[in-house]
Structures are given as C-alpha cells and as structure tokens.
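Right, one structure below, let's go through it.
Side-chain atoms are counted along with the backbone in the values below, which use heavy atoms only and exclude waters and symmetry mates. Read the numbers this way: they start at 1 and go in the same order the structure lists the ligands and their atoms.
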Amino acid sequence: MAHINTNIRIKEKDLSSKFILYLTTISFVVTYIRTYPELIIQRNCKNTHQLKDHNAELLERILSNRREDEKMFTFLRPLSKGGSKATKLLIASNNAKFSTFGALQKGHANSNPHYHNIITESHGKVGLITLNRPKALNALSSDLFHEVNDALVKYDDDSNIGAIVITGSERAFAAGADIKEMSDQTFAQVYKSDFLGHWGKINDIKKPTIAAVNGFALGGGCELAMCCDIIYAGEKALFGQPEIKLGVIPGAGGTQRLVRAIGKSKAMEIVLSGRNFSAQEAERWGLVSKILPSDKVLDEAIKLGQDIANLSQPAIQAAKESINAAFELSLKEGCHFERRLFQSLFSLNDQKEGMSAFVEKREPKWTND
Ligand code: CAA
C-alpha cells in the first residue's frame with residue numbers, strides 16, 4: 001500500500017513538474033516575442049539620440065510589464081518548492097530575468113501589486129517612486145496621488161529606508177493635475193471633496209524627499225517637485241505653472257512655494273503669463289539644486305539619497321524639520337527653534353558617536369538612536 005502511495009506521489013510530482021515546465025517555457029517564449037521587435041528597432045535606430053528615446057520608451061514598457069511578470073512568478077515560486085531540480089533551475093533563471101529588470105533600474109523590485117499608476121522599488125536605503133502613466137504624461141489623477149501618498153507613508157514608516165526619490169519618465173516628470181478628470185467638476189464637488197487637499201500629505205513626510213525631474217514638470221507636476229526637499233533636474237527639463245491658460249490658478253501650493261523659492265517678480269511673471277521655464281533658469285533662480293545630463297538625473301538623485309540615508313536618521317529628520325520651519329517662523333523664532341532642536345540632539349547616542357568618531361579620527365557608526 002505504502003509502495004502504491006509512493007508511486008502516486010511520484011506521479012503527482014512528475015505531473016506538477018511538467019506543468020511548471022510548460023508554464024516556464026511559455027514565459028520564455030512570451031519574453032522572446034516581447035523582446036525580438038526591440039532588437040530589430042534598436043538595430044534600425046539611426047543615431048544615439050533616437051536610440052536613447054527608444055530606450056526610454058522601452059524602459060517605460062518594461063516597468064509596466066513588470067507587474068504582470070511579478071504576478072506570474074509569485075504564482076510559480078511556491079510551486080518550485082515541490083518541483084524537480086530541472087524545474088527549480090528554470091524558475092531560478094526566471095528569477096534571474098527578474099533581477100535583470102532590477103539591474104536595469106539598479107533596484108530591488110518590490111512594487112505593490114495594488115499600484116496601477118506608480119512603481120515602487122528600493123535601492124539600498126532609498127525608496128524610489130516612479131510615476132507611471134506614460135500615455136497621459138504622468139498627469140496626476142486622484143488615483144495616482146493616492147498611490148503616491150500610500151507609498152510615501154510606507155517608506156516613511158520603513159526603518160530600512162532613509163530617503164525617498166520621486167521621478168517620472170524621460171518625457172515627463174508630470175504634466176500637471178489630470179485636466180480630463182477635473183474639467184467637468186462643479187464648484188460644489190471640488191469644494192465639498194476638498195479637491196487636491198490630499199496632495200498635502202507629502203508635507204508630513206519626515207524623511208528627505210528628492211525629485212528627479214526630466215521632461216515636463218508643469219502645473220501640479222511643478223508643485224509636486226517643489227513639495228520635495230531637493231530637486232535634481234535633467235538639462236532638458238521644463239517647469240511651469242500654466243494653470244492661468246486653463247482659466248484657473250495653481251491649486252497645490254504653486255503660488256506660495258514659487259514665490260518663496262524664486263521671489264515675487266519672477267513668480268508673478270511665471271504664474272501670470274503661464275510661460276514655462278527651463279532647467280537652467282530654475283537652477284539659476286535657486287528652485288533646482290543641480291542640473292545633470294538627462295540619463296544621469298535618477299542615478300545621481302538615488303546616490304544623494306543614499307548618502308543622506310547613511311547618516312544619522314534622527315539628525316537628518318531634525319535638520320529637515322528645522323529648515324522647513326524657516327517657511328513658517330520669523331528669523332528670531334526660527335533660530336530659537338533650531339537652537340532647541342540642536343540642544344535636544346545631545347540626548348542621542350548618534351551625537352556621542354559622531355563627535356567621538358571625529359576626535360578618534362575614525363568613521364562614525366550610526367545607530368539611529
Ligand atoms: N491632464 C490630462 N491629460 C494630459 C495632461 C494633463 N495635465 N497633460 C497631457 N495629457 C495627455 C494629453 O491629453 C494627451 O492625451 P491623448 O493622447 O489621449 O490626447 C497625452 O497626454 C499627450 O499629450 P500631448 O499630445 O498634449 O503632448 P505634447 O507633447 O503635444 O504636449 C504638453 C505636451 C505641453 C505637456 C501638453 O500635454 C500640455 O500642455 N499639457 C497640460 C499641461 C497643463 O496645463 N498642466 C496644468 C494642469 S492643471 C494643474 O496642474 C492644477 C494644479 O495646480 C494642481
């Protein structure tokens with residue numbers, strides 16, 4: 001009897017292995033079919049500029065396909081536990097294919113399957129949020145913004161993450177609030193629902209946020225970038241508050257943050273005329289902290305995030321809080337607030353460690369407490 005049971009078990013195992021082999025083969029064929037036309041297009045691209053544009057599009061497509069792939073491999077992985085050595089090897093190679101996506105973005109794919117408008121992934125201690133509505137130039141729909149808020153709060157609560165980068169695509173960081181979603185709304189609707197009210201969540205995030213901007217950062221896109229603590233921009237990035245051309249004004253802090261960042265005269269010119277301004281102007285006026293070649297913006301933003309995340313987290317949080325207080329307080333109140341925060345940091349082990357390490361001429365080991 002035991003012998004028969006063993007036979008049945010072996011047959012069941014064989015069947016499950018064949019099933020997994022079948023699924024994995026299909027996955028390889030699908031991947032090949034998806035990739036083959038890309039190889040042809042890449043060969044036909046006449047110059048590097050064309051190839052770069054194409055690669056940006058390809059990357060966008062890969063990022064959207066990733067969610068589907070993730071679902072499939074999440075399904076396959078548990079099956080691999082009971083499978084044969086060959087099946088395990090095949091599944092391992094699919095996982096490796098997955099890591100290739102990771103290598104492409106140099107990150108660890110961990111996007112929440114419930115997100116449909118953004119992709120999240122961690123790069124060491126940096127949480128990356130990629131806005132992902134390519135067809136609408138990353139227009140910031142309510143659904144998208146709820147996902148951004150959710151991801152921001154998750155990264156803020158994650159003790160393994162020390163900084164957050166928000167980015168879009170090469171063509172658009174974000175072309176503003178979703179005009180199609182707004183166009184038919186009545187005053188009663190937007191007022192009662194406090195439309196755009198939830199955009200303020202990013203201001204409660206304690207960890208440093210960095211915007212890596214390429215392409216259009218218009219209207220709400222410019223406002224989202226300005227909500228971040230630091231902006232890195234690609235050399236072709238284009239900023240603007242064109243709401244006046246839609247018969248409205250900026251509604252997510254544009255008039256307030258722009259005037260603080262670039263002064264009254266320039267803010268008036270930009271908002272009243274609706275003219276866009278270049279990354280170079282933005283950097284000259286102090287809105288953007290650095291301009292980089294388009295293909296380096298994200299890498300450099302992540303690198304900066306990593307540098308920040310490797311420091312003492314409570315000190316970083318205090319520094320961010322103190323700088324932001326400058327927008328709310330008088331100089332005297334602000335300096336008082338800063339001094340009190342500075343004094344309070346002497347209760348941290350990290351203060352003892354940081355200063356001892358300097359005196360002992362060694363690298364500090366932060367414990368974040
Ligand atoms: N909302 C909804 N859809 C948008 C969008 C937006 N803000 N911006 C672009 N799109 C859509 C377009 O409708 C188009 O979709 P279809 O293919 O379905 O027609 C697609 O994205 C591509 O856009 P274009 O064909 O217009 O691309 P382009 O290269 O010719 O122009 C652009 C690019 C200059 C950014 C132009 O799309 C544009 O002017 N967009 C609107 C910018 C704007 O006014 N932003 C402010 C919005 S209001 C706001 O943000 C209020 C606030 O304070 C929060």
Side-chain angles (χ1 to χ4, degrees), residues 49-50 52-54 56-57 60-61 63-64 116-118 129-149 152 166-187 189-203 209 211 213-228 231 233-262 266-279 281-282 287 294:
H49 182 67
Q50 235 178 321
K52 244 187 188 172
D53 280 356
H54 170 68
E57 250 176 58
E60 257 169 19
R61 283 220 309 273
L63 290 173
S64 357
H116 302 295
N117 302 283
I118 63 169
I129 300 173
T130 305
L131 310 178
N132 187 36
R133 284 187 79 201
K135 286 188 184 134
L137 302 184
N138 292 334
L140 303 163
S141 62
S142 297
D143 285 350
L144 181 147
F145 227 97
H146 280 300
E147 291 178 14
V148 169
N149 282 345
L152 282 168
I166 302 179
T167 196
S169 67
E170 185 160 1
R171 190 162 172 226
F173 177 72
D178 191 324
I179 301 170
K180 291 169 189 166
E181 181 184 280
M182 288 186 287
S183 58
D184 291 333
Q185 298 262 322
T186 64
F187 166 72
Q189 283 170 323
V190 293
Y191 185 61
K192 282 197 295 180
S193 66
D194 190 23
F195 185 61
L196 301 187
H198 65 296
W199 284 37
K201 186 86 210 156
I202 187 168
N203 304 314
T209 50
V213 177
N214 269 316
F216 300 112
L218 303 179
C222 185
E223 288 166 310
L224 174 60
M226 287 195 290
C227 282
C228 292
I231 306 177
E235 50 206 354
K236 290 187 204 134
L238 200 62
F239 297 83
Q241 298 289 165
E243 289 88 344
I244 207 78
K245 294 179 178 169
L246 300 170
V248 289
I249 64 168
T255 59
Q256 303 304 298
R257 292 202 171 83
L258 206 56
V259 76
R260 283 166 169 79
I262 67 176
K266 286 193 181 77
M268 283 285 186
E269 184 210 332
I270 296 302
V271 173
L272 302 191
S273 71
R275 92 157 168 90
N276 296 335
F277 53 101
S278 66
E281 284 176 298
L287 183 75
S294 310

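Nearest protein heavy-atom neighbour of atom 11 (C) of ligand 1: Ala136 CA, 4.0 Å. In terms of protein heavy-atom proximity, atom 24 (P) of ligand 1 is nearest to Leu137 CD1, 4.5 Å. In this structure, the protein non-hydrogen atom closest to atom 13 (O) of ligand 1 is Lys180 NZ, 3.0 Å. Summary of contacts: the protein heavy atom closest to atom 2 (C) of ligand 1 is Asp178 OD1, 3.3 Å. When only non-hydrogen protein atoms are considered, atom 28 (P) of ligand 1 lies nearest to Arg171 NH2, 3.7 Å.
Distance remark: protein heavy atom not present below 4.0 angstrom from atom 26 (O) of ligand 1. For atom 39 (O) of ligand 1, the nearest protein heavy atom lies 4.0 Å away or farther. Shown here, atom 20 (C) of ligand 1 is in close reach of the protein: a heavy atom of it lies under 4.0 Å off. Less than 4.0 angstrom separates atom 7 (N) of ligand 1 from at least one non-hydrogen atom of the protein. The presence of a protein heavy atom under 4.0 Å from atom 30 (O) of ligand 1 is ruled out.
The shortest separation from a heavy atom of Met182 to ligand 1 is under 4.0 Å, placing the residue in contact. Under a 4.0 Å heavy-atom criterion, Lys245 is not in contact with ligand 1.
You'll find the side chain of Leu224 reaches within 4.5 Å of the side chain of Phe145, heavy atoms only. Looking at heavy atoms from C-beta onward, Ile202 lies in side-chain contact with Ile166 at the 4.5 angstrom threshold. For the pair Leu152 and Lys201, the minimum side-chain heavy-atom distance is 4.5 Å or more. Side-chain atoms of Leu258 and Leu287, non-hydrogen and from C-beta on, do get closer than 4.5 Å to each other. Using a 4.5 Å heavy-atom threshold, the side chains of Leu144 and Ile118 count as touching. Phe195 has its side chain within reach of Ser142: a pair of non-hydrogen atoms, C-beta onward, lies under 4.5 Å apart. Considering only heavy atoms from C-beta on, Asp178 stays 4.5 Å or farther from Asp143 through its side chain. Looking at Ile270 and Phe239, their side chains never come closer than 4.5 Å, going by heavy atoms from C-beta outward.
Considering backbone and side-chain atoms alike, Ala177 places an N or O below 3.5 Å from some N or O of ligand 1. Geometrically, ligand 1 and Gly220 share a nitrogen or oxygen pair separated by less than 3.5 Å. Taking only nitrogen or oxygen atoms, main chain and side chain alike, Pro250 does not reach within less than 3.5 Å of ligand 1.
For ligand 1 and Glu223, the ligand atoms under 4.0 Å from any heavy atom of the residue are 52 (C), 53 (O), 54 (C). Less than 4.0 angstrom separates some heavy atom of Trp199 from each of these atoms of ligand 1: 54 (C). If you number the atoms of ligand 1 from 1 as listed, the ones under 4.0 Å from a heavy atom of Leu196 come out as 54 (C). Atoms of ligand 1 found under 4.0 Å from any heavy atom of Gly251, numbered from 1 in the order shown, are 52 (C), 53 (O). Under a 4.0 Å criterion applied to the non-hydrogen atoms of Lys135, ligand 1 contributes the atoms 20 (C), 21 (O). Atoms of ligand 1 lying under 4.0 Å from any heavy atom of Gly219, numbered from 1 in the order shown and given with element: 46 (C), 50 (O). Near Pro242, meaning under 4.0 Å from any of its heavy atoms, are these atoms of ligand 1: 43 (C), 44 (O), 45 (N). Interface of Leu246 with ligand 1, defined as ligand atoms under 4.0 Å from a residue heavy atom, comprises 44 (O), 47 (C), 48 (S).
Of the candidates Leu218, Asn276, Asn138, Ile179, it is Ile179 that places a heavy atom closest to atom 41 (C) of ligand 1.
Listed here is the closest heavy atom pair of Gly219 and Pro242: N-CD, 3.3 Å. When all heavy atoms are compared, the tightest approach of Pro250 to Val271 is CD-CG1, 3.9 Å. When all heavy atoms of Val259 and Gln256 are compared, the closest pair comes out as CG1-O, 3.2 Å. Here the closest heavy-atom approach between residue Trp199 and residue Ala252 is recorded as CE3-CB, 3.4 Å.
By the 6.0 Å contact criterion, CD1 on Ile249 is open, its count of non-hydrogen atoms from other residues, nucleotides or ligands being 12 or less.
The existence of a salt bridge linking Glu223 and Arg257 is excluded, since no basic side-chain nitrogen approaches an acidic carboxylate oxygen closer than 4.0 Å. Salt-bridge check for Glu147 with Arg133: failed, with every basic side-chain N at 4.0 Å or more from each acidic carboxylate O.
Contacts between Leu140 and ligand 1, counted as non-hydrogen atom pairs separated by less than 4.0 Å, are absent for every part of the residue. Both the backbone and the side chain of Ala175 come within contact range of ligand 1, each with a heavy atom under 4.0 Å.
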